[in-house]
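Below: one structure, written as C-alpha coordinates.
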Protein chains: 2
Amino acid sequence: MAKRRADGLSKEVIVQAAAAILDDGGEAALTFRALTARLSTGYGAIYHHVANKSDLLAAATDAVIARVMADAVVEDEPREALRTVSLGLFDAIDAHPWVGAQLSREPWRPALLEVYERIGGLLVALDVPEQALFDAAGALVNYVLGVAGQNAANARLLATDRSAFLGDVAAQWAALDPERYPFVHRAATQLREHDDREQFLAGVDIFLAGIATLH
Amino acid sequence: MAKRRADGLSKEVIVQAAAAILDDGGEAALTFRALTARLSTGYGAIYHHVANKSDLLAAATDAVIARVMADAVVEDEPREALRTVSLGLFDAIDAHPWVGAQLSREPWRPALLEVYERIGGLLVALDVPEQALFDAAGALVNYVLGVAGQNAANARLLATDRSAFLGDVAAQWAALDPERYPFVHRAATQLREHDDREQFLAGVDIFLAGIATLH
DNA sequence: ACCTGAACACCGTTCAAGT
DNA sequence: ACCTGAACACCGTTCAAGT
(Lines give C-alpha, C1' and ligand atoms only; values in the text may rest on other atoms or scores of the structure.)
Protein backbone atom coordinates (compact mmCIF):
# COMPACT_ATOMS: atom_id res chain seq x y z
CA MET A 1 0.00 0.00 0.00
CA ALA A 2 2.59 2.52 1.14
CA LYS A 3 5.41 3.43 -1.22
CA ARG A 4 7.70 0.47 -1.49
CA ARG A 5 11.45 0.56 -1.98
CA ALA A 6 12.44 0.23 -5.61
CA ASP A 7 15.89 -1.20 -4.90
CA GLY A 8 16.43 -4.26 -2.77
CA LEU A 9 17.49 -4.04 0.83
CA SER A 10 20.83 -5.38 2.02
CA LYS A 11 22.56 -5.70 5.35
CA GLU A 12 25.01 -3.01 4.33
CA VAL A 13 22.25 -0.52 3.49
CA ILE A 14 20.55 -1.24 6.80
CA VAL A 15 23.80 -0.92 8.76
CA GLN A 16 24.62 2.41 7.13
CA ALA A 17 21.14 3.75 7.88
CA ALA A 18 21.49 2.61 11.49
CA ALA A 19 24.86 4.34 11.78
CA ALA A 20 23.37 7.56 10.41
CA ILE A 21 20.54 7.45 12.95
CA LEU A 22 23.00 6.76 15.77
CA ASP A 23 25.22 9.65 14.71
CA ASP A 24 22.25 12.00 14.49
CA GLY A 25 20.35 11.18 17.63
CA GLY A 26 22.40 8.85 19.80
CA GLU A 27 21.62 5.35 20.93
CA ALA A 28 18.10 6.15 22.09
CA ALA A 29 17.17 7.27 18.57
CA LEU A 30 17.90 3.89 16.99
CA THR A 31 14.56 2.09 17.01
CA PHE A 32 13.17 -0.31 14.46
CA ARG A 33 10.38 2.15 13.89
CA ALA A 34 12.82 4.93 13.01
CA LEU A 35 14.74 2.49 10.84
CA THR A 36 11.69 1.28 8.89
CA ALA A 37 10.63 4.90 8.36
CA ARG A 38 14.06 5.91 7.08
CA LEU A 39 14.28 2.90 4.80
CA SER A 40 10.61 2.99 3.72
CA THR A 41 10.17 -0.64 4.62
CA GLY A 42 8.67 -2.96 7.23
CA TYR A 43 10.05 -4.71 10.30
CA GLY A 44 10.24 -8.10 8.66
CA ALA A 45 12.38 -6.76 5.84
CA ILE A 46 14.97 -5.65 8.34
CA TYR A 47 14.81 -8.84 10.35
CA HIS A 48 15.37 -10.69 7.13
CA HIS A 49 18.89 -9.23 6.87
CA VAL A 50 19.75 -8.72 10.53
CA ALA A 51 19.25 -11.09 13.47
CA ASN A 52 18.22 -8.45 16.01
CA LYS A 53 19.10 -5.03 17.36
CA SER A 54 22.25 -6.25 19.07
CA ASP A 55 23.49 -7.73 15.78
CA LEU A 56 22.76 -4.44 14.07
CA LEU A 57 24.73 -2.41 16.60
CA ALA A 58 27.63 -4.83 16.40
CA ALA A 59 27.75 -4.66 12.61
CA ALA A 60 27.63 -0.86 12.64
CA THR A 61 30.48 -0.80 15.14
CA ASP A 62 32.58 -3.18 13.06
CA ALA A 63 32.07 -0.96 10.04
CA VAL A 64 33.36 2.14 11.85
CA ILE A 65 36.43 0.40 13.26
CA ALA A 66 37.21 -1.27 9.96
CA ARG A 67 37.19 2.10 8.22
CA VAL A 68 39.51 3.65 10.80
CA MET A 69 42.02 0.84 10.38
CA ALA A 70 41.81 0.99 6.61
CA ASP A 71 42.33 4.76 6.58
CA ALA A 72 45.19 4.76 9.09
CA VAL A 73 48.37 5.55 7.21
CA VAL A 74 51.34 3.34 7.86
CA GLU A 75 54.37 5.11 9.25
CA ASP A 76 57.92 3.86 9.66
CA GLU A 77 58.69 4.93 13.19
CA PRO A 78 56.76 2.48 15.40
CA ARG A 79 56.36 4.84 18.34
CA GLU A 80 54.86 7.52 16.11
CA ALA A 81 52.70 4.95 14.34
CA LEU A 82 51.31 3.75 17.69
CA ARG A 83 50.35 7.30 18.57
CA THR A 84 48.70 7.76 15.17
CA VAL A 85 46.65 4.58 15.37
CA SER A 86 45.62 5.37 18.95
CA LEU A 87 44.55 8.87 18.00
CA GLY A 88 42.65 7.55 15.00
CA LEU A 89 40.62 5.25 17.23
CA PHE A 90 40.13 8.00 19.78
CA ASP A 91 38.84 10.43 17.17
CA ALA A 92 36.56 7.87 15.53
CA ILE A 93 34.97 6.98 18.86
CA ASP A 94 34.69 10.66 19.68
CA ALA A 95 32.83 11.19 16.40
CA HIS A 96 30.64 8.11 16.94
CA PRO A 97 30.13 7.82 20.69
CA TRP A 98 27.88 4.78 20.35
CA VAL A 99 30.91 2.84 19.07
CA GLY A 100 32.60 3.32 22.43
CA ALA A 101 29.56 2.12 24.33
CA GLN A 102 29.17 -0.89 22.07
CA LEU A 103 32.83 -1.92 22.34
CA SER A 104 32.69 -1.80 26.11
CA ARG A 105 29.64 -4.07 25.93
CA GLU A 106 31.04 -6.56 23.40
CA PRO A 107 34.82 -6.43 23.38
CA TRP A 108 35.47 -9.48 21.20
CA ARG A 109 34.43 -8.06 17.86
CA PRO A 110 36.13 -9.19 14.65
CA ALA A 111 36.98 -5.58 13.86
CA LEU A 112 39.28 -5.52 16.86
CA LEU A 113 41.38 -8.19 15.20
CA GLU A 114 42.84 -5.53 12.94
CA VAL A 115 43.45 -3.29 15.93
CA TYR A 116 45.30 -6.01 17.83
CA GLU A 117 47.28 -6.98 14.78
CA ARG A 118 48.40 -3.43 14.06
CA ILE A 119 49.24 -2.52 17.63
CA GLY A 120 50.84 -5.89 18.34
CA GLY A 121 52.96 -5.64 15.22
CA LEU A 122 54.17 -2.19 16.20
CA LEU A 123 55.10 -3.43 19.66
CA VAL A 124 57.13 -6.19 18.05
CA ALA A 125 58.88 -3.51 16.01
CA LEU A 126 59.66 -1.79 19.31
CA ASP A 127 61.47 -4.94 20.45
CA VAL A 128 59.12 -5.64 23.33
CA PRO A 129 60.25 -9.01 24.68
CA GLU A 130 58.12 -12.04 23.90
CA GLN A 131 56.83 -12.73 27.38
CA ALA A 132 55.61 -9.16 27.92
CA LEU A 133 54.27 -8.68 24.40
CA PHE A 134 50.72 -9.85 24.87
CA ASP A 135 50.23 -8.16 28.20
CA ALA A 136 51.50 -4.93 26.69
CA ALA A 137 49.28 -5.21 23.63
CA GLY A 138 46.22 -6.09 25.70
CA ALA A 139 46.85 -3.25 28.11
CA LEU A 140 47.42 -0.70 25.37
CA VAL A 141 44.36 -1.68 23.35
CA ASN A 142 42.29 -1.65 26.51
CA TYR A 143 43.65 1.74 27.47
CA VAL A 144 42.87 3.21 24.08
CA LEU A 145 39.35 1.79 23.84
CA GLY A 146 38.58 2.39 27.49
CA VAL A 147 39.65 6.02 27.55
CA ALA A 148 38.12 6.74 24.16
CA GLY A 149 34.84 5.27 25.37
CA GLN A 150 34.89 7.31 28.55
CA ASN A 151 35.71 10.43 26.59
CA ALA A 152 32.87 9.79 24.17
CA ALA A 153 30.39 9.33 27.01
CA ASN A 154 31.68 12.59 28.39
CA ALA A 155 31.41 14.40 25.11
CA ARG A 156 27.81 13.30 24.77
CA LEU A 157 27.07 14.47 28.30
CA LEU A 158 28.74 17.80 27.65
CA ALA A 159 27.40 18.18 24.13
CA THR A 160 25.15 21.11 24.95
CA ASP A 161 27.57 23.23 26.90
CA ARG A 162 30.95 21.79 27.57
CA SER A 163 32.67 24.67 29.33
CA ALA A 164 29.65 25.37 31.56
CA PHE A 165 29.50 21.76 32.70
CA LEU A 166 33.23 21.47 33.30
CA GLY A 167 33.09 24.83 35.04
CA ASP A 168 30.43 23.49 37.39
CA VAL A 169 32.39 20.37 38.21
CA ALA A 170 35.55 22.40 38.65
CA ALA A 171 33.73 24.80 40.98
CA GLN A 172 32.46 21.87 43.06
CA TRP A 173 35.94 20.43 43.23
CA ALA A 174 37.45 23.77 44.17
CA ALA A 175 34.86 24.16 46.93
CA LEU A 176 35.93 20.90 48.57
CA ASP A 177 37.77 20.95 51.87
CA PRO A 178 41.48 21.18 50.95
CA GLU A 179 42.35 19.18 54.07
CA ARG A 180 40.18 16.25 53.09
CA TYR A 181 40.65 16.47 49.32
CA PRO A 182 44.02 18.11 48.71
CA PHE A 183 44.59 16.53 45.31
CA VAL A 184 41.15 17.04 43.79
CA HIS A 185 41.11 20.56 45.21
CA ARG A 186 44.33 21.33 43.34
CA ALA A 187 43.12 19.52 40.22
CA ALA A 188 40.09 21.81 39.92
CA THR A 189 41.99 24.46 37.96
CA GLN A 190 43.47 21.94 35.56
CA LEU A 191 40.08 20.40 34.93
CA ARG A 192 38.65 23.58 33.47
CA GLU A 193 41.50 23.99 31.01
CA HIS A 194 42.40 20.43 30.16
CA ASP A 195 42.16 19.06 26.63
CA ASP A 196 40.81 15.49 26.48
CA ARG A 197 42.70 14.67 23.33
CA GLU A 198 46.02 15.89 24.73
CA GLN A 199 45.44 14.08 28.01
CA PHE A 200 44.70 10.92 26.05
CA LEU A 201 47.97 11.26 24.14
CA ALA A 202 49.84 11.99 27.34
CA GLY A 203 48.50 8.69 28.66
CA VAL A 204 49.64 6.85 25.52
CA ASP A 205 53.08 8.35 26.00
CA ILE A 206 53.24 7.24 29.62
CA PHE A 207 52.29 3.80 28.41
CA LEU A 208 54.95 3.73 25.73
CA ALA A 209 57.53 4.94 28.23
CA GLY A 210 56.53 2.08 30.52
CA ILE A 211 56.76 -0.39 27.66
CA ALA A 212 60.23 0.88 26.84
CA THR A 213 61.38 -0.24 30.31
CA LEU A 214 60.39 -3.83 29.57
CA HIS A 215 63.63 -4.62 27.74
CA MET B 1 -5.40 -4.06 49.05
CA ALA B 2 -2.16 -6.04 48.60
CA LYS B 3 0.13 -6.41 51.60
CA ARG B 4 1.71 -3.09 52.32
CA ARG B 5 5.19 -2.51 53.69
CA ALA B 6 5.23 -2.08 57.45
CA ASP B 7 8.42 -0.03 57.49
CA GLY B 8 8.88 3.13 55.47
CA LEU B 9 10.75 3.17 52.22
CA SER B 10 13.96 5.13 51.79
CA LYS B 11 16.34 5.83 48.94
CA GLU B 12 18.91 3.61 50.58
CA VAL B 13 16.56 0.64 50.80
CA ILE B 14 15.56 1.11 47.17
CA VAL B 15 19.17 1.42 46.00
CA GLN B 16 20.18 -1.73 47.87
CA ALA B 17 17.27 -3.67 46.36
CA ALA B 18 18.23 -2.41 42.90
CA ALA B 19 21.83 -3.49 43.43
CA ALA B 20 20.68 -6.95 44.48
CA ILE B 21 18.53 -7.32 41.36
CA LEU B 22 21.41 -6.12 39.17
CA ASP B 23 23.81 -8.58 40.77
CA ASP B 24 21.36 -11.44 40.37
CA GLY B 25 20.13 -10.90 36.84
CA GLY B 26 22.16 -8.19 35.17
CA GLU B 27 21.03 -4.87 33.79
CA ALA B 28 18.08 -6.28 31.88
CA ALA B 29 16.60 -7.61 35.11
CA LEU B 30 16.31 -4.21 36.74
CA THR B 31 12.79 -3.05 35.93
CA PHE B 32 10.43 -0.99 38.03
CA ARG B 33 8.08 -3.93 37.99
CA ALA B 34 10.73 -6.23 39.48
CA LEU B 35 11.60 -3.53 41.98
CA THR B 36 8.03 -2.95 43.14
CA ALA B 37 7.55 -6.69 43.50
CA ARG B 38 10.71 -7.11 45.56
CA LEU B 39 9.86 -4.15 47.77
CA SER B 40 6.12 -4.93 47.97
CA THR B 41 5.23 -1.43 46.92
CA GLY B 42 3.99 0.64 43.97
CA TYR B 43 5.70 2.68 41.27
CA GLY B 44 4.86 6.00 42.85
CA ALA B 45 6.51 5.02 46.12
CA ILE B 46 9.78 4.45 44.30
CA TYR B 47 9.50 7.61 42.25
CA HIS B 48 8.96 9.46 45.47
CA HIS B 49 12.53 8.67 46.54
CA VAL B 50 14.28 8.42 43.20
CA ALA B 51 14.04 10.70 40.16
CA ASN B 52 14.12 7.95 37.51
CA LYS B 53 15.91 4.80 36.48
CA SER B 54 19.08 6.62 35.53
CA ASP B 55 19.24 8.23 38.98
CA LEU B 56 18.75 4.82 40.53
CA LEU B 57 21.58 3.24 38.57
CA ALA B 58 23.87 6.13 39.38
CA ALA B 59 23.14 5.91 43.09
CA ALA B 60 23.72 2.14 43.11
CA THR B 61 27.04 2.65 41.33
CA ASP B 62 28.13 5.32 43.80
CA ALA B 63 27.33 2.98 46.66
CA VAL B 64 29.54 0.21 45.27
CA ILE B 65 32.50 2.51 44.56
CA ALA B 66 32.17 4.22 47.94
CA ARG B 67 32.35 0.85 49.68
CA VAL B 68 35.47 -0.20 47.74
CA MET B 69 37.26 3.00 48.67
CA ALA B 70 36.18 2.75 52.29
CA ASP B 71 37.37 -0.85 52.55
CA ALA B 72 40.69 -0.31 50.76
CA VAL B 73 43.41 -0.58 53.36
CA VAL B 74 45.99 2.18 53.39
CA GLU B 75 49.54 1.01 52.76
CA ASP B 76 52.79 2.88 53.19
CA GLU B 77 54.54 2.04 49.95
CA PRO B 78 52.78 4.16 47.30
CA ARG B 79 53.52 1.82 44.39
CA GLU B 80 52.04 -1.12 46.26
CA ALA B 81 49.10 0.99 47.42
CA LEU B 82 48.35 1.98 43.82
CA ARG B 83 48.27 -1.67 42.82
CA THR B 84 45.99 -2.49 45.74
CA VAL B 85 43.50 0.28 44.99
CA SER B 86 43.50 -0.61 41.29
CA LEU B 87 42.87 -4.26 42.02
CA GLY B 88 40.14 -3.37 44.48
CA LEU B 89 38.30 -1.43 41.79
CA PHE B 90 38.91 -4.17 39.24
CA ASP B 91 37.52 -6.84 41.54
CA ALA B 92 34.50 -4.76 42.54
CA ILE B 93 33.60 -4.11 38.92
CA ASP B 94 34.18 -7.76 38.14
CA ALA B 95 31.75 -8.68 40.91
CA HIS B 96 29.23 -6.04 39.81
CA PRO B 97 29.56 -5.77 36.02
CA TRP B 98 26.76 -3.19 35.78
CA VAL B 99 29.02 -0.77 37.67
CA GLY B 100 31.50 -0.85 34.83
CA ALA B 101 28.82 -0.18 32.24
CA GLN B 102 27.38 2.65 34.29
CA LEU B 103 30.74 4.34 34.85
CA SER B 104 31.50 4.26 31.16
CA ARG B 105 28.14 5.94 30.59
CA GLU B 106 28.43 8.59 33.31
CA PRO B 107 32.06 9.12 34.21
CA TRP B 108 31.63 12.21 36.43
CA ARG B 109 30.12 10.56 39.46
CA PRO B 110 30.80 11.92 42.95
CA ALA B 111 32.08 8.51 43.99
CA LEU B 112 34.99 8.92 41.60
CA LEU B 113 36.13 11.89 43.66
CA GLU B 114 37.47 9.48 46.25
CA VAL B 115 39.16 7.47 43.53
CA TYR B 116 40.88 10.50 42.04
CA GLU B 117 41.88 11.75 45.46
CA ARG B 118 43.40 8.44 46.50
CA ILE B 119 45.23 7.79 43.25
CA GLY B 120 46.31 11.41 42.88
CA GLY B 121 47.65 11.46 46.40
CA LEU B 122 49.66 8.30 45.82
CA LEU B 123 51.14 9.77 42.64
CA VAL B 124 52.20 12.82 44.63
CA ALA B 125 53.86 10.45 47.08
CA LEU B 126 55.71 8.97 44.10
CA ASP B 127 57.13 12.42 43.34
CA VAL B 128 55.44 12.74 39.98
CA PRO B 129 56.22 16.29 38.85
CA GLU B 130 53.43 18.86 39.07
CA GLN B 131 52.90 19.40 35.36
CA ALA B 132 52.51 15.68 34.61
CA LEU B 133 50.50 14.89 37.73
CA PHE B 134 47.00 15.42 36.41
CA ASP B 135 47.61 13.73 33.09
CA ALA B 136 49.06 10.74 34.91
CA ALA B 137 46.16 10.57 37.38
CA GLY B 138 43.59 10.91 34.64
CA ALA B 139 45.26 8.29 32.49
CA LEU B 140 45.62 5.82 35.33
CA VAL B 141 42.04 6.20 36.56
CA ASN B 142 40.80 5.87 33.01
CA TYR B 143 42.92 2.79 32.46
CA VAL B 144 41.66 1.13 35.61
CA LEU B 145 37.99 1.90 35.00
CA GLY B 146 38.22 1.23 31.27
CA VAL B 147 39.90 -2.14 31.54
CA ALA B 148 37.79 -3.20 34.50
CA GLY B 149 34.68 -2.32 32.55
CA GLN B 150 35.83 -4.24 29.49
CA ASN B 151 36.72 -7.21 31.65
CA ALA B 152 33.34 -7.14 33.35
CA ALA B 153 31.56 -7.07 30.00
CA ASN B 154 33.69 -10.01 29.03
CA ALA B 155 32.98 -11.90 32.20
CA ARG B 156 29.25 -11.47 31.65
CA LEU B 157 29.61 -12.69 28.08
CA LEU B 158 31.64 -15.67 29.20
CA ALA B 159 29.58 -16.35 32.30
CA THR B 160 28.18 -19.63 31.05
CA ASP B 161 31.34 -21.22 29.74
CA ARG B 162 34.47 -19.19 29.85
CA SER B 163 37.03 -21.67 28.60
CA ALA B 164 34.81 -22.85 25.75
CA PHE B 165 34.28 -19.31 24.53
CA LEU B 166 37.93 -18.34 24.81
CA GLY B 167 38.82 -21.62 23.16
CA ASP B 168 36.58 -20.74 20.23
CA VAL B 169 38.08 -17.30 19.80
CA ALA B 170 41.57 -18.73 20.17
CA ALA B 171 40.81 -21.37 17.53
CA GLN B 172 39.54 -18.68 15.15
CA TRP B 173 42.66 -16.63 15.77
CA ALA B 174 44.91 -19.63 15.29
CA ALA B 175 43.16 -20.42 12.00
CA LEU B 176 43.98 -16.98 10.60
CA ASP B 177 46.50 -16.64 7.82
CA PRO B 178 49.88 -16.22 9.58
CA GLU B 179 51.08 -14.03 6.71
CA ARG B 180 48.26 -11.56 7.07
CA TYR B 181 47.86 -11.77 10.86
CA PRO B 182 51.22 -12.79 12.29
CA PHE B 183 50.70 -11.20 15.68
CA VAL B 184 47.15 -12.36 16.36
CA HIS B 185 48.07 -15.79 15.07
CA ARG B 186 50.84 -16.01 17.64
CA ALA B 187 48.63 -14.51 20.35
CA ALA B 188 46.08 -17.31 20.00
CA THR B 189 47.91 -19.62 22.40
CA GLN B 190 48.31 -16.92 25.02
CA LEU B 191 44.64 -16.03 24.79
CA ARG B 192 43.52 -19.44 25.96
CA GLU B 193 45.76 -19.36 29.01
CA HIS B 194 45.76 -15.72 29.98
CA ASP B 195 44.45 -14.50 33.31
CA ASP B 196 42.49 -11.24 33.07
CA ARG B 197 43.41 -10.16 36.55
CA GLU B 198 47.11 -10.74 35.98
CA GLN B 199 47.02 -8.99 32.63
CA PHE B 200 45.28 -6.06 34.28
CA LEU B 201 48.01 -5.85 36.92
CA ALA B 202 50.69 -6.16 34.26
CA GLY B 203 49.12 -3.12 32.59
CA VAL B 204 49.13 -1.19 35.86
CA ASP B 205 52.81 -2.04 36.25
CA ILE B 206 53.61 -0.82 32.75
CA PHE B 207 51.80 2.35 33.62
CA LEU B 208 53.70 2.83 36.85
CA ALA B 209 56.97 2.17 35.06
CA GLY B 210 56.03 4.85 32.54
CA ILE B 211 55.14 7.26 35.30
CA ALA B 212 58.51 6.62 36.94
CA THR B 213 60.20 7.99 33.83
CA LEU B 214 58.43 11.34 34.23
CA HIS B 215 60.96 12.66 36.77
C1' DA C 1 13.16 -15.00 -1.64
C1' DC C 2 11.84 -10.93 0.02
C1' DC C 3 8.74 -7.79 2.04
C1' DT C 4 4.39 -5.78 4.79
C1' DG C 5 2.28 -4.24 9.07
C1' DA C 6 -1.02 -5.69 12.72
C1' DA C 7 -0.33 -7.78 17.03
C1' DC C 8 2.07 -9.30 21.34
C1' DA C 9 4.60 -8.91 25.38
C1' DC C 10 7.14 -6.13 27.34
C1' DC C 11 9.24 -1.33 29.04
C1' DG C 12 9.60 3.62 32.02
C1' DT C 13 6.80 7.00 33.74
C1' DT C 14 2.57 9.60 35.18
C1' DC C 15 -1.12 10.79 38.11
C1' DA C 16 -5.76 10.67 40.24
C1' DA C 17 -6.99 8.54 44.17
C1' DG C 18 -6.27 6.69 48.60
C1' DT C 19 -4.15 6.58 53.78
C1' DA D 1 3.95 13.05 53.39
C1' DC D 2 3.85 8.85 51.55
C1' DC D 3 1.95 5.22 48.94
C1' DT D 4 -1.21 2.49 45.30
C1' DG D 5 -1.94 0.71 40.68
C1' DA D 6 -4.54 1.62 36.34
C1' DA D 7 -3.27 3.90 32.27
C1' DC D 8 -0.23 5.96 28.61
C1' DA D 9 3.19 6.15 25.26
C1' DC D 10 6.59 3.89 24.00
C1' DC D 11 9.86 -0.39 22.92
C1' DG D 12 11.84 -5.13 20.22
C1' DT D 13 10.19 -8.95 18.00
C1' DT D 14 6.96 -12.25 15.68
C1' DC D 15 4.32 -14.04 12.02
C1' DA D 16 0.38 -14.74 8.87
C1' DA D 17 -0.28 -12.83 4.70
C1' DG D 18 1.13 -10.78 0.49
C1' DT D 19 4.35 -10.17 -4.09
Rounding to an integer number of Å, can you tell me how far [X] [atom1] sits from [N] [atom2]?
{"X": "A:Ile46", "N": "C:dT4", "atom1": "CD1", "atom2": "P", "result": "9 Å"}
{"X": "B:Tyr43", "N": "C:dC15", "atom1": "OH", "atom2": "P", "result": "16 Å"}
{"X": "A:Glu27", "N": "D:dC10", "atom1": "CD", "atom2": "C1'", "result": "18 Å"}
{"X": "B:Lys53", "N": "D:dC11", "atom1": "NZ", "atom2": "C1'", "result": "12 Å"}
{"X": "A:Phe32", "N": "C:dC11", "atom1": "CZ", "atom2": "P", "result": "18 Å"}
{"X": "A:Tyr47", "N": "D:dG12", "atom1": "OH", "atom2": "P", "result": "7 Å"}
{"X": "A:Arg33", "N": "D:dA9", "atom1": "CZ", "atom2": "P", "result": "14 Å"}
{"X": "A:Asp55", "N": "D:dT13", "atom1": "CG", "atom2": "P", "result": "10 Å"}

Which sits closer to the 5' end of DNA chain D, A:Leu30 or B:His49, going by the nucleotide each is nearest to? B:His49
Measure from the side chain of A:His48, starting at C-beta and using heavy atoms only, and say which of C:dA1, C:dT13, D:dC3 lies closest.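 Per side-chain heavy atoms of A:His48, the pick is C:dA1.
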Selected nucleotide, minimal atom distance to A:Asn52 side chain, candidates D:dG12, D:dT13, D:dC3: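 The nucleotide sitting nearest to the side chain is D:dT13.
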So which of B:Val128, B:Leu82, B:Thr84 actually passes side chain to side chain contact (heavy atoms under 4.5 Å, CB included) with B:Leu122?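 Per the side chain to side chain contact (heavy atoms under 4.5 Å, CB included) rule, the option paired with B:Leu122 is B:Leu82, out of B:Val128, B:Leu82, B:Thr84.
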Watson-Crick/G-U partner (both atom distances under 3.5 Å) of C:dC8: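 Pair assignment: C:dC8 / D:dG12.
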D:dC3 -> Watson-Crick or G-U wobble partner, both distances under 3.5 Å, gives none
Specify the closest pair of heavy atoms between A:Leu176 and A:His185, including all atoms of both residues, with the distance to one decimal. O-ND1, 3.2 Å
Looking at every non-hydrogen atom in both residues, tell me the closest pair between A:Gln199 and B:Gly138 and how far apart they are. NE2-CA, 3.3 Å
Earlier contact from the 5' end, DNA chain C, for B:Gly44 and B:Ala28: B:Ala28
Where do B:Glu114 and A:Arg180 land on the salt bridge (charged side-chain N to carboxylate O under 4.0 Å, His left out) test, with the steps shown first? CA-CA 10 Å; B:Glu114 299 289 338; A:Arg180 170 103 177 68; 3.1 Å; yes
Given B:Trp173 and B:Tyr181, is the side-chain contact (heavy atoms from CB on, under 4.5 Å) satisfied, shown in steps? CA-CA 9 Å; B:Trp173 284 21; B:Tyr181 294 99; over 6 Å; no
Looking at every strand, decide which applies to A:Leu35 at a 4.0 Å heavy-atom threshold: base, sugar-phosphate, or nothing.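 The answer is nothing, as A:Leu35 stays clear of every strand by at least 4.0 Å.
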Which part of the nucleic acid, if any, lies within reach of B:Leu56 when heavy atoms closer than 4.0 Å are counted: base, sugar-phosphate only, or nothing? nothing
